[in-house]
There are 2 protein chains.
Amino acid sequence: MHSEVVASRSADQRDSSRESRNGTPTLDAVSLAIIQQLQEDGRRPYAAIGKAVGLSEAAVRQRVQKLLDQGVMQIVAVTDPLTVGFRRQAMVGINVEGDVESIADVLTGMSEVEYVVMTAGSFDILAEIVCEDDDHLLDVINKRIRALPGVRSTESFVYLKLKKQTYMWGTR
Amino acid sequence: MHSEVVASRSADQRDSSRESRNGTPTLDAVSLAIIQQLQEDGRRPYAAIGKAVGLSEAAVRQRVQKLLDQGVMQIVAVTDPLTVGFRRQAMVGINVEGDVESIADVLTGMSEVEYVVMTAGSFDILAEIVCEDDDHLLDVINKRIRALPGVRSTESFVYLKLKKQTYMWGTR
DNA sequence: ACTGAAAACCAAGATTT
DNA sequence: AAATCTTGGTTTTCAGT
């Protein structure tokens, strides 16, 4: 059903823990294959993954644990908040004067903010907000975000309908 | 460590499968609690979830299966593509003339598109793109998306750095 | 709720770099 | 030496009745 991965363990694919320049771990082909398996099904048994990538069950488990500990991946349930019910959701484009990253860090600390990216283009930051209702959303955007020193302007895009949500890169 | 959920099984919270007006299943408190557990850890054992929500292991298992089958949630490994390596990523704001949803549907069918939302505001659609490299990204945006009949204009926001990615609504 | 089967876990021991 | 993989034995979880 899912593709076998040739996992000859040699040469250039043996380092799963070396640090690259930006502090993020370099992943070898085997770890990528494991992640791929788990992108298809986050609860796939370690033994099945092992068979697919050519490793023992225990080895897979150890690698998965490490990937989780390192924060390279998370295994989670994902839903569409709007579908699940009671929420208002929006993307907010933000323009900043001064240090963009420090603003991004503040946003990251806000519980209503699910997603923060620094971008190139006419916004410096995109932040996705999940709220209880309109009042809550208004509060977060107008009172809390726009009030941050350094935030020059914001533009909001309230979600009407989520059409697609995938986590399948590498598996297309 | 994680909060116990009072799951008295009565009256208005026993229907996890009834269909609401828009065709999405109405979730009861117990199912929400289960999802919450799995948002913290997608591989949490059914028994542990059962203890937290006040259900037997088997009951949890059945509910989880149903939630997955219904497409209410998915349990998957989530990564930051940029961290994992070889990708260029961008959010594209799109303006449409005519039927917005049909354009959204086309985007949904494109493998490079991970995320599609219809929005209110100065964009009709927001689409997140994951690509191999700059050339690929350029191709997708300029050749494929802008070429769609009905697409009036697009604006791109290339990702520089992902700062936050959470799936914790309800658990803050 | 019970039961056989599968999966997860653990602790050494072996292998590779 | 350090890290990674394997093996064998044990406990826990799972799936079906």
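Numbers restart at 1 for each chain; the letters A, B, ... are given by sequence-line order, proteins then strands. Worth saying up front: this structure is predicted, and the values here are computed from it rather than measured. Side chains are part of it too, since the values below use all heavy atoms of this structure and drop only hydrogens, waters and symmetry mates.
Counting only heavy atoms from C-beta on, A:Tyr46 has its side chain closest to C:dC9 among C:dC9, D:dC5, D:dT4. Comparing D:dA3, D:dC5, D:dT7 against the side chain of A:Ala58 picks out D:dT7 as the nearest.
Under a 3.5 Å cut-off, the side chain of A:Arg43 and the backbone N or O of B:Arg44 do form a donor-acceptor pair.
If you find the closest nucleotide of DNA chain C to B:Ser56 and to A:Pro45, the one lying nearer the 5' end belongs to B:Ser56. Ranked by how close their nearest DNA chain D nucleotide is to the 5' end, B:Ala47 and A:Ala59 are led by A:Ala59.
Here C:dA6 presents its C1' atom at 14 Å from CZ of A:Arg43, a figure rounded to the nearest Å. Atom CD1 in B:Ile49 sits about 15 Å away from atom C1' in D:dT12, given to the nearest Å. The distance between atom CD of B:Glu57 and atom P of D:dG16, rounded to the nearest whole Å, is 12 Å. Following rounding to the nearest Å, B:Gln65 (CD) and D:dT13 (C1') show an atom-to-atom distance of 15 Å. Rounding to whole angstrom units, CZ of residue B:Arg61 and C1' of D:dT13 are separated by 9 Å. One interatomic measurement links the two molecules: CD of A:Gln62 to C1' of C:dT15, which rounds to 14 Å at whole-angstrom precision. D:dA3 atom P lies 14 Å from atom CZ of A:Arg63, rounded to whole Å. When rounded to the nearest whole Å, the span between NZ of B:Lys51 and C1' of D:dT12 equals 12 Å.
At least one side-chain heavy atom of A:Met118 sits under 4.5 Å from a side-chain heavy atom of A:Glu101. The closest side-chain heavy-atom distance from B:Met73 to B:Leu38 is below 4.5 Å. At least one side-chain heavy atom of A:Ile125 sits under 4.5 Å from a side-chain heavy atom of A:Leu107.
Annotation for B:Lys161: atom NZ does not count as buried by contact number, only 12 or fewer foreign heavy atoms lying within 6.0 Å.
Between A:Tyr167 and B:Tyr167, the ring planes are perpendicular. Angles over 60° get that label, and only those under 30° would be called parallel.
Under the side chain to side chain contact (heavy atoms under 4.5 Å, CB included) rule, B:Ser102 has a single partner from B:Asp99, B:Val100, B:Val106, which is B:Asp99.
For the helix from C:dA1-D:dT17 to C:dT17-D:dA1, the terminal axes (five pairs an end, C1' atoms, rotation from four pairs onto the next four) enclose an angle of 30°, given to 10 degrees.
The side chain of A:Lys66 contributes no N or O atom lying less than 4.0 Å from OP1 or OP2 of D:dA3.
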